[in-house]
Amino acid sequence: MPIQGSANQFVCDLVAYEPGKPIEETARELGLQPAEIIKLASNENPLGPSPRAKAAMRAALEEGHLYPDGGGWKLRSAIAEKHDVAMENVVLGNGSNEIIELLCHSFLNPRTALIAAEHAFVVYKLMATLFGARYVEVPDPGFVHDLEAMADAIDEETRLVFIANPNNPTGTLVSQEAIERFVDRLPGHVVAVFDEAYHEFLEEPPDTVRYVREGRNVCVMRTFSKAQGLAALRIGYGLASGPVAGLLQRARQPFNANAIAQAGALAALRDDEHVARTVETNNEGLKLFHQAFEARGLRHVPSVANFVLVEVGDGDAVFQKMLKEGVIVRAMRGYKLAGWVRISVGTPSQNLRCLEVLDRALAD
Ligand SMILES: *Cc1c(COP(=O)(O)O)cnc(C)c1O
């Protein structure tokens, strides 16, 4: 009997997550130097890690023989203080992706359902599949989450509703008013999850942490991977009302957030300067891309995050052509957007090179 016959069917059903193509791998395949390649495929910070975080992480290496603080005391207290919540409301994750998994561990099984938008971040679907839950996809006209329709989709099997705000890969935002109406309609057996990985990039971010303070069944997810530039370290967190946070704490591994990442995140939390520079660079780049697509008559989704979704005809072909010239973007077939690519905003020179290479890819 093939070993798959002994395996958990939900795992067999999974289609593995396809990350942005790494620079090293691309360099090997193309026979290029890594320095010649630019990666605008995973919404990483083009300015690099927070300098304060780098210093703190170097110092933390000296204690590399010791297990991390499993309770994450320093980092969790600093996060709690920043958001004016109690430390008990803060759960650390190995990236905010792990918070998604902890929520699924806590609430999902084959008799339950998870609701997300049609073009939502793909990890929600992967996790629902992994736990054998029903995945309910709600249409998002104009690539914007329709929170009314998402609330309408809730039934007695629903446990989790994921709202990525802004959403990846669309870069669109739902308003405070829409969120307010949605949270008001939330039945007692459902947790609303606000995935706010791009929160720092917003000019006027909706306030969802207030629902945590009010003790609603809500989890707000944040990450150090994007604006703070610590994607390699895998550190993020969830802010949740007491009972929800308590479940997530039980579901996690003892040392899920490593010590180097905790030290880096603590320093990054206080590095407002790096975030401000990052946001400024991003705003310039976003404007450039929006204007360039406008000028070329390319359909795109106006974004408030650090990436833009643009329609190019054949997304896979354009991805391949750009790759050959050393520019890595993200093809969107996995999101049922085969005609589109998603481009992360880079430094000013990376953005210009990306546009040149895109123009050549579209010309031939
Ligand atoms: C990038 C991203 C995350 C962050 O993932 P980490 O695991 O924290 O690196 C979470 N949600 C969305 C929608 C994202 O785009």
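Numbering of ligands and ligand atoms starts at 1, following listing order. Remember, predicted model here, so these are calculated numbers, not experimental data. Start at 1 with the first residue, then count along the sequence.
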Checking a contact table here: which protein heavy atom is nearest atom 9 (O) of ligand 1, and how many Å away?
S225 OG, 2.6 Å

For atom 3 (C) of ligand 1, what's the nearest protein heavy-atom neighbour? Residue, atom name and distance, please.
K226 NZ, 3.3 Å

Taking the side chain as C-beta and beyond, is there a heavy-atom pair between L323 and T26 under 4.5 Å?
yes

Using a plain distance cutoff, I'd like to know if Y124 has any nitrogen or oxygen under 3.5 Å from a nitrogen or oxygen of ligand 1.
no

Residue portion contacting ligand 1 (non-hydrogen atoms closer than 4.0 Å) for F224
neither

Please identify which atoms of ligand 1 are closer than 4.0 Å to at least one heavy atom of N168.
13 (C), 14 (C), 15 (O)

Can you sort out which atoms of ligand 1 are near A197, meaning under 4.0 Å from one of its heavy atoms?
2 (C), 3 (C), 10 (C), 11 (N), 12 (C), 14 (C)

Strictly below 4.0 Å, N to O, side chains only: are K125 and E137 in salt-bridge contact?
yes

Any side-chain heavy-atom pair of V123 and Y17 under 4.5 Å
yes

Would you mind checking if K287 and E294 are paired as a salt bridge, meaning a charged N to carboxylate O distance below 4.0 Å?
no

Would T208 and E196 count as having a side-chain donor-acceptor pair, cut-off 3.5 Å?
yes

the protein heavy atom lying closest to atom 5 (O) of ligand 1 turns out to be N97 ND2, 3.1 Å

Do me a favour and list the nearest non-hydrogen protein atom to atom 11 (N) of ligand 1 with residue, atom name and distance?
D195 OD2, 2.7 Å

Are T158 and D155 side-chain neighbours, meaning at least one heavy-atom pair lies under 4.5 Å?
yes

How does M221 reach ligand 1, by side chain, by backbone, by both or by neither, if only non-hydrogen atoms under 4.0 Å count?
neither

Interfacing atoms of ligand 1 (cut-off 4.0 Å, heavy-atom, R234)
6 (P), 7 (O), 9 (O)

Return yes or no for this condition: an N or O of Y198 is under 3.5 Å from an N or O of ligand 1.
yes

Establish, for the pair R342 and F307, whether the NZ or CZ atom is under 6.0 angstrom from the six-membered ring centre and no further than 45 degrees off its axis.
yes

In one Ile/Leu/Val/Met/Phe/Trp/Tyr side-chain cluster, 4.5 Å: F293, V312:
yes

Considering only protein heavy atoms, which is closest to atom 4 (C) of ligand 1, and at what distance to one decimal place?
S96 OG, 3.2 Å

Report, in ascending order of atom number, the atoms of ligand 1 lying under 4.0 Å from any heavy atom of G95.
6 (P), 7 (O), 8 (O)

Could you tell me if the ring centre of F143 sits under 6.0 Å from that of W340?
yes

